[in-house]
Visitor: 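Sharing a structure, written as structure tokens. Questions coming.
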Amino acid sequence: MSCYPNIYQVVKQIPYGKVATYGQVADLAGLMGKPRVVGYALYQVTADSDIPWHRVINAKGEVSRSSLRDGTDDLQQLLLEAEGIAFKKGKVDLKQYRWQPDFAQIDQLIEGHVTKSAQN
DNA sequence: CAGATGACAAGAT
DNA sequence: AATCTTGCCATCT
């Protein structure tokens with residue numbers, strides 16, 4: 001059934017008016033370097049969920065337009081614009097809108113499962 | 001079981 | 001800057 005609780009937990013942490021990339025979500029969910037899994041995980045939620053799936057975009061700052069989504073890609077952009085996120089030529093300024101989680105948020109997400117090799 | 005697909009990302013051209 | 005190529009890995013056929 002392909003449940004990815006970690007991914008959903010991470011996406012739920014994205015605040016209103018902010019966005020995160022698939023790679024970023026994958027990284028926080030413990031799926032380092034596996035952003036495609038995030039895409040599959042989000043493909044299952046789409047609607048009737050408490051998950052702000054629309055706040056997850058690709059690294060190019062653009063909503064992934066795909067023919068498989070029944071137009072939910074357009075809905076995604078509309079939802080983001082409704083949250084005050086401006087689309088510049090169909091792209092979002094990640095420097096301005098990218099979610100920067102606090103250490104407390106990260107700690108809440110990992111809950112002591114990561115290697116915690118705090119290099120910084 | 002093997003090959004193809006994909007809501008991605010980073011590097012090369 | 002835009003497009004192509006490769007890597008990644010769960011799901012589909």
Side-chain angles (χ1 to χ4, degrees):
Chain A
M1 101 174 194
S2 335
C3 283
Y4 291 98
N6 293 356
I7 295 178
Y8 302 141
Q9 292 292 327
V10 172
V11 177
K12 284 181 182 176
Q13 302 305 315
I14 306 175
Y16 181 97
K18 291 292 180 180
V19 296
T21 65
Y22 294 94
Q24 181 178 2
V25 173
D27 184 27
L28 292 172
L31 298 167
M32 320 284 280
K34 308 172 183 65
R36 317 201 74 147
V37 183
V38 177
Y40 266 105
L42 291 179
Y43 182 74
Q44 303 177 47
V45 295
T46 54
D48 70 281
S49 298
D50 304 32
I51 305 170
W53 54 271
H54 56 277
R55 295 181 190 146
V56 183
I57 59 179
N58 59 30
K60 290 168 285 201
E62 172 56 287
V63 295
S64 295
R65 300 261 174 186
S66 294
S67 42
L68 312 174
R69 296 206 283 167
D70 189 37
T72 56
D73 40 24
D74 288 323
L75 176 61
Q76 179 172 10
Q77 179 165 342
L78 290 176
L79 289 172
L80 291 177
E81 289 176 329
E83 295 191 358
I85 298 177
F87 276 79
K88 183 82 168 185
K89 192 169 58 90
K91 297 176 194 170
V92 173
D93 186 0
L94 288 176
K95 296 172 65 74
Q96 180 178 357
Y97 295 110
R98 187 197 258 248
W99 171 46
Q100 297 169 358
D102 296 316
F103 294 104
Q105 300 269 357
I106 299 174
D107 186 57
Q108 177 182 341
L109 293 171
I110 46 192
E111 281 184 79
H113 112 41
V114 95
T115 51
K116 185 78 187 264
S117 52
Q119 178 64 26
N120 187 17

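Sequence lines set the chain letters: A, B, ... in the order given, protein chains first and strands last, and positions in each chain run from 1.
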Visitor: Pick base, sugar-phosphate or nothing for Thr72(A), based on heavy-atom distances below 4.0 Å to the nucleic acid.
Guide: nothing
Visitor: Between atom CE in Met32(A) and atom C1' in dG7(C), what is the gap in whole Å?
Guide: 16 Å
Visitor: Ser66(A) side chain: which of dA7(B), dG7(C), dC9(C) is closest?
Guide: dA7(B)
Visitor: Any donor-acceptor pair, under 3.5 Å, between the side chain of Tyr43(A) and the base of dA7(B), if you only look at N and O atoms?
Guide: no
Visitor: Using atom CD of Glu62(A) as one end and atom P of dA1(C) as the other, report the distance to the nearest whole Å.
Guide: 16 Å
Visitor: Among dA7(B), dA2(C), dT5(B), which nucleotide sits nearest the side chain of Gln76(A)?
Guide: dA7(B)
Visitor: Which part of the nucleic acid, if any, lies within reach of Leu31(A) when heavy atoms closer than 4.0 Å are counted: base, sugar-phosphate only, or nothing?
Guide: nothing
Visitor: Would you mind telling me which residue lines up with the more 5' stretch of DNA chain C, Tyr40(A) or Pro35(A), judged by nearest nucleotide?
Guide: Pro35(A)
Visitor: Choose from dA2(C), dA10(C), dA7(B) the nucleotide whose nearest atom is closest to any side-chain atom of Tyr4(A).
Guide: dA10(C)
Visitor: Can you tell me how far the NE2 atom of His54(A) sits from the CG atom of Asp73(A), to the nearest 0.5 Å?
Guide: 14.5 Å
Visitor: Tell me: CG of Leu28(A) to C1' of dA9(B), nearest whole Å?
Guide: 16 Å
Visitor: Would the base of dG7(C) count as contacting Arg36(A) through its side chain, where contact means a donor and an acceptor less than 3.5 Å apart?
Guide: yes
Visitor: For the backbone of Lys60(A) and the side chain of Asn58(A), can you confirm whether one donor and one acceptor N or O come within less than 3.5 Å of each other?
Guide: yes
Visitor: Are the side chain of Tyr4(A) and the backbone N or O of Leu42(A) linked by a donor-acceptor pair below 3.5 Å?
Guide: no
Visitor: Between Gln24(A) (side chain only) and Trp99(A) (backbone N and O only), is there a donor and an acceptor less than 3.5 Å apart?
Guide: yes
Visitor: Surrounding NZ of Lys12(A) (heavy atoms of other residues, nucleotides or ligands, distance under 6.0 Å), is the total greater than 12?
Guide: yes
Visitor: Could you tell me how far apart Arg65(A) (CZ) and dC8(B) (P) are, to the nearest whole angstrom?
Guide: 13 Å
Visitor: Taking the minimum atom-to-atom distance to the side chain of Ala59(A), which one of dA10(B), dA10(C), dA2(C) wins?
Guide: dA10(B)
Visitor: Whole angstrom is fine here: how far is it from CG in Leu42(A) over to P in dG6(B)?
Guide: 17 Å
Visitor: Would you mind reading off the distance between Ile7(A) atom CD1 and dC9(C) atom P, rounded to a whole angstrom?
Guide: 14 Å
Visitor: Roughly, in whole Å, what's the span from NZ in Lys88(A) to P in dA1(C)?
Guide: 14 Å
Visitor: CD of Gln24(A) versus P of dA7(B): gap in Å, rounded?
Guide: 21 Å
